[in-house]
Amino acid sequence: MPAPARRLLPAQVHLPSGGVARLSDAAARTRASSVFGAPAGRGGGERAAIGRCALDVQVLAGPSVLADARGMPLDPLSLPLADAHVLRALLASAGIVPEEPGAYTCENCSAPFEVAPSSLLEIGPFTDGELDDLELDRPFDFGVSHPIPALRVGRAVCRAVRLVERTVEEAMPLLRLPDDGVLRVTPSLVVAMGIAALGRERRAPVIADALASAPDEAWAAIVDLYHEARYPARLLAVHRCQGCGARNDLDVPLERELARAPLRAPGADADELGEPRSTRARANASSAFPDLDGFEARVRAAAERTYEARGVRNIDLFIDAGVPACDDGGEPLLGCYTPGTPADALGIAHPPEIRIFYRTFRLEAREDPGFDIDAEIEETIDHEVTHHLHHLAGSDPLDDEEHEQITREELRRVGHAEAVRRARRGALSDVAGFVRATWPAWLIAAVGTALAWCAGGR
């Protein structure tokens with residue numbers, strides 16, 4: 001099998017800030033080989049201590065690598081962080097800067113897999129200028145304070161944080177690691193992160209002290225907001241599990257400057273019970289969800305009410321504790337409906353079935369503290385009963401709507417222009433495959449036609 005074609009760095013890209021940048025693939029590869037060493041991508045410990053983000057910026061700062069829309073040299077230090085991270089992702093996507101495959105497990109079936117996420121990045125919306133989606137391209141709101149779990153700031157209790165925009169140059173204390181390669185919460189780090197206020201507190205030293213002892217949940221929420229502000233929502237890769245078909249969303253670029261784990265010594269966040277808050281919170285969330293027997297009892301009670309209200313019967317109900325099925329978009333299902341089948345050769349008929357997936361409900365409840373288990377059970381069963389009634393009527397518009405929604409979501413992620421290009425390539429591939437498979441028949445037909453024409457001419 002031939003090796004896949006190397007993805008080139010796009011010559012021109014549209015950035016989240018609204019600007020346009022020009023890029024040179026050749027210049028970027030030359031610069032990367034000097035920044036990361038030869039062979040490219042095997043940087044030693046000294047380079048790793050600099051900070052991966054800073055190394056990527058060094059590549060972008062190379063001669064002739066980056067220019068503005070007019071072709072004038074563009075200093076990456078002057079860019080907003082969101083723009084710079086898009087350019088970093090494109091460097092990794094093209095294989096210009098190194099990205100070792102990460103080890104992951106499928107969120108649905110727990111099957112292990114390895115992948116370099118940037119190799120899966122959809123770059124069409126950046127190259128085609130389709131950054132106008134109301135959700136994926138919504139700019140971060142720097143004008144308001146964002147809620148976070150409570151943490152103590154001096155003598156006050158804070159429940160909100162406000163961020164401000166940062167350029168690459170302003171964020172460099174965060175992007176470039178200290179000499180020992182370990183980030184610590186300091187006033188300069190607070191300024192580099194763009195934390196303008198914690199509650200009413202605006203003094204960087206006080207904010208740094210508060211973050212150094214913040215509960216895990218508060219720190220993780222601040223990092224999530226930082227990522228939302230600095231990394232556009234389009235910077236993700238979608239890996240489809242080969243086993244269960246589930247969609248797994250992965251960060252791009254893989255290496256980011258902040259982790260959700262606290263920047264302090266282990267054990268510093270133990271609460272008055274002597275137990276890490278995050279561990280105890282996870283335990284409480286897990287214990288709040290019913291076990292399989294309790295869940296099944298609630299499902300069957302809800303099904304009885306729904307069946308009676310909708311006037312249906314003889315629909316088998318199965319509570320599945322195994323790996324959940326996924327829809328065509330790769331999302332694990334809460335439930336699914338299977339129509340009945342007539343009697344087979346052995347005289348065995350299969351009634352229609354509604355299947356409820358225990359593990360999907362449990363995962364949703366774990367990730368969303370406001371998840372209403374009973375309400376979701378009722379809604380899921382009613383949804384599947386609707387599929388049943390549509391099936392009996394001979395047409396299922398609800399199923400059509402669900403497939404249309406999956407298609408729309410894929411178009412948003414891939415981009416309309418890229419989707420058209422892929423459709424054209426697919427059509428051409430189908431034609432070429434048809435010709436390859438049927439050329440003997442076409443040759444025989446042509447020879448037969450020629451012989452017939454010659455015989456007729458005698």
Side-chain angles (χ1 to χ4, degrees), residues 1-10 13 25 28-29 32 36 39-43 47-48 51-53 55-56 59 82 84-127 136 223-224 227-228 230-261 323-333 359-360 363 367 406 409-415 418-419 421-422 425-426:
M1 180 181 296
R6 185 176 71 176
R7 177 185 277 187
L8 296 176
L9 193 64
V13 295
D25 182 89
R29 293 184 190 278
F36 288 95
R42 300 297 179 184
R47 286 191 294 274
R52 175 52 192 269
C53 296
L55 290 173
D56 290 349
V59 174
H85 287 316
V86 167
L87 295 173
R88 289 185 57 226
L90 294 173
L91 290 176
S93 175
I96 293 174
V97 298
E99 182 179 75
E100 296 295 330
Y104 304 92
T105 57
C106 175
E107 295 180 358
N108 188 48
C109 70
S110 300
F113 65 91
E114 287 191 359
V115 69
S118 294
S119 66
L120 303 177
L121 177 67
E122 295 291 353
I123 68 173
F126 297 110
T127 59
L136 295 177
V223 172
D224 286 343
H227 285 159
E228 183 182 344
R230 316 305 184 191
Y231 288 85
R234 290 191 182 277
L235 291 185
L236 64 84
V238 173
H239 172 82
R240 294 293 291 268
C241 177
Q242 294 183 356
C244 69
R247 166 178 170 160
N248 292 268
D249 292 352
L250 310 173
D251 287 342
V252 176
L254 178 58
E255 297 183 58
R256 298 189 172 187
E257 58 270 37
L258 281 177
R260 300 178 86 247
V323 175
C326 299
D327 65 18
D328 290 346
E331 294 293 338
L333 295 169
R359 285 170 56 169
T360 309
L363 179 61
E367 294 184 347
I406 291 171
E409 290 298 318
E410 184 71 5
L411 281 174
R412 292 173 62 209
R413 188 175 68 86
V414 172
E418 176 61 19
R421 286 192 291 268
R422 291 182 184 181
R425 288 197 296 267

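Taking CG from Asp56 and CD from Glu99, the interatomic distance works out to 10.0 Å, rounded to the nearest 0.5 Å. To the nearest 0.5 angstrom, Phe113 atom CZ is 4.5 Å from His239 atom NE2. Annotation: the span from Asp251 atom CG to Tyr231 atom OH amounts to 8.5 Å, rounded to 0.5 Å. Taking CD1 from Ile123 and OG from Ser118, the interatomic distance works out to 11.5 Å, rounded to the nearest 0.5 Å. Put simply, CG on Asn108 and SG on Cys326 are 4.5 Å apart, with the number rounded to the nearest 0.5 Å. Distance check, rounded to the nearest 0.5 Å: CG of Leu121 to CZ of Arg7 gives 6.5 Å.
With a 4.5 Å cut-off on side-chain heavy atoms, Glu107 and Asp249 do not count as touching. Residues Pro98 and Phe36 have side chains in contact (heavy-atom distance under 4.5 Å, counting atoms from C-beta outward).
Closest heavy-atom contact between Leu235 and Arg256: O-NH2, 3.4 Å. Smallest separation of non-hydrogen atoms from Cys53 and His85: SG-CE1, 4.4 Å. Heavy-atom minimum distance, Thr127 versus Val13: CG2-CG1, 4.3 Å. Heavy atoms only, all atoms of each residue included: Pro324 and Arg359 are closest at CG-CB, 4.0 Å. Arg52 and Arg88 get closest at one heavy-atom pair: CG-NH2, 4.1 Å. Nearest heavy-atom pair across Tyr104 and Val115 is CE1-O, 3.7 Å.
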Given Leu254 and Glu100, is the side chain to side chain contact (heavy atoms under 4.5 Å, CB included) satisfied, shown in steps?
CA-CA 9 Å; Leu254 178 58; Glu100 296 295 330; over 6 Å; no
For Glu418 and Arg413, what are the C-alpha separation, side-chain angles and deciding distance, and is it a salt bridge (Lys or Arg N to Asp or Glu O under 4.0 Å)?
CA-CA 10 Å; Glu418 176 61 19; Arg413 188 175 68 86; over 6 Å; no
Determine, stepwise, if the pair Asp25 / Ile96 fulfils side chain to side chain contact (heavy atoms under 4.5 Å, CB included).
CA-CA 8 Å; Asp25 182 89; Ile96 293 174; 3.8 Å; yes
List the steps and the verdict of side chain to side chain contact (heavy atoms under 4.5 Å, CB included) for Leu91 and Leu9.
CA-CA 7 Å; Leu91 290 176; Leu9 193 64; 4.1 Å; yes
Criterion side chain to side chain contact (heavy atoms under 4.5 Å, CB included) on Val252 and Leu250, from CA distance to verdict:
CA-CA 7 Å; Val252 176; Leu250 310 173; 5.7 Å; no
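Of the possible polar contacts, one joining the Thr360 side chain to the Leu333 backbone as a donor-acceptor pair under 3.5 Å is found. Between the side chain of Arg247 and the main chain of Glu331, no donor-acceptor pair closer than 3.5 Å is present.
Between Glu122 and Arg422 there is a salt bridge, since a side-chain N of the basic residue sits under 4.0 Å from a carboxylate O of the acidic one.
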